[in-house]
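Below you'll find the structure, written out as structure tokens, and then a few comments.
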Amino acid sequence: MTQDLPRAAAAVVTAAHSLGLELHVREFPEGTRTAADAARAIGCQVDQIVKSLVFVADTDPVLVLTSGGNRVDVVKVGRERSAATVRKADAGEVRAATGYAIGGTPPFGHARDLPVLIDRHLTGFEEVWAAAGTPRHVFPIAPADLLRATGGLVADVTLVEDGPPVG
């Protein structure tokens, strides 16, 4: 199956195998670059989409996995990471930290070990969908498997609904 996938997606499948997971990657030629695009293509709720976002906490990259309908609160990420400043990573920083481009960043299988913070809202679903290395490839995963595979910490990292747009 991995021979039919682009190199980036095949690398995610290989990383999953090393973590004891069997992924069923699906391709959507129209793309799944945004959470809304992904939810439409898959036919699930936008909140079931895992957004894999890289932030820089002081000088260190951190991966934040958040539900598709939520926005990350950089102040909360800073508290979780004991960082004075937090900002969204630029495209080059994302690629350097993960080995993947924005829009296709998977939740695991990165170029280096990254601390991972996971939006607790994702844990309320039976199944969530994450990027598989490209903007066109995604896979379903149970939240418990996502937690195990990433070694992530479930945390309150999102904005309150009527809070200011910080991240």
Side-chain angles (χ1 to χ4, degrees), residues 6-9 11-12 15-16 28 30-42 44-125 128-141 143 146-147 149-167:
R7 183 180 308 146
V12 174
F28 293 93
E30 66 277 12
T32 55
R33 188 170 296 277
T34 69
D37 291 343
R40 262 192 308 280
I42 295 162
C44 69
Q45 297 175 44
V46 72
D47 283 352
Q48 287 178 270
I49 302 301
V50 178
K51 294 191 297 190
S52 298
L53 305 172
V54 179
F55 289 83
V56 177
D58 289 336
T59 58
D60 300 321
V62 58
L63 181 67
V64 178
L65 304 179
T66 189
S67 179
N70 286 344
R71 293 192 54 197
V72 174
D73 184 333
V74 294
V75 173
K76 290 178 179 177
V77 172
R79 272 191 227 123
E80 288 292 335
R81 298 299 306 153
S82 300
T85 62
V86 175
R87 63 177 174 77
K88 202 164 187 181
D90 66 31
E93 291 167 322
V94 170
R95 187 170 293 277
T98 67
Y100 296 91
I102 291 173
T105 306
F108 51 78
H110 304 124
R112 63 189 269 196
D113 284 337
L114 294 172
V116 179
L117 298 174
I118 300 174
D119 174 3
R120 75 178 70 258
H121 188 60
L122 288 171
T123 65
F125 296 99
V128 294
W129 291 79
T134 83
R136 296 183 330 275
H137 294 84
V138 295
F139 63 91
I141 188 168
L146 182 66
L147 290 169
T150 62
L153 171 69
V154 176
D156 175 13
V157 291
T158 60
L159 289 169
V160 177
E161 224 164 276
D162 38 333
V166 246

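None of these values were measured; they are calculated from a predicted model. Reckoned from all heavy atoms, side chains included, excluding hydrogens, waters and symmetry mates.
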Check side-chain contact (heavy atoms from CB on, under 4.5 Å) between [X] and all other residues, then give those that pass, not counting sequence neighbours.
| X | value |
| --- | --- |
| V116 | L63, L65, I118, T150 |
| D60 | none |
| A35 | V46, I49, K51 |

**Item:** CG-NZ distance between D156 and K76, expressed to the nearest 0.5 angstrom
**Value:** 3.5 Å
**Interatomic spacing from CZ in R79 to CG in L117 - rounded to 0.5 Å** = 13.0 Å
**Request:** Name all pairs fulfilling the salt bridge (charged side-chain N to carboxylate O under 4.0 Å, His left out) condition that reach into residues 89-113, sequence neighbours left out, sorted by first residue then second.
**Result:** R87-E93
Not counting sequence neighbours, which residues clear side chain to side chain donor-acceptor pair (under 3.5 Å) with [X]? List them please.
| X | value |
| --- | --- |
| N70 | D119 |
| H110 | none |
| T105 | none |
| T34 | D37 |

**Prompt:** Would you find a donor on one side and an acceptor on the other, under 3.5 Å apart, between the side chain of D58 and the backbone of T85?
**Reply:** yes
Looking only at non-hydrogen atoms, find the nearest pair between [X] and [Y] and report the distance.
| X | Y | result |
| --- | --- | --- |
| P143 | V128 | CG-CG1, 4.3 Å |
| T123 | R120 | OG1-O, 2.6 Å |
| A131 | P107 | O-CD, 3.7 Å |
| A111 | G99 | CB-N, 3.8 Å |
| A57 | V62 | CB-CG1, 4.3 Å |
| W129 | C44 | CD1-SG, 4.0 Å |

**Prompt:** Listed by chain and number, what are the ring-ring contact (aromatic ring centres under 6.0 Å, His included) partners of F108, not counting sequence neighbours?
**Reply:** F139
**Prompt:** What residues, two or more places apart in sequence or in another chain, satisfy ring-ring contact (aromatic ring centres under 6.0 Å, His included) together with F125?
**Reply:** H121
**Asked** What residues, two or more places apart in sequence or in another chain, satisfy salt bridge (Lys or Arg N to Asp or Glu O under 4.0 Å) together with R136?
**Response** E27
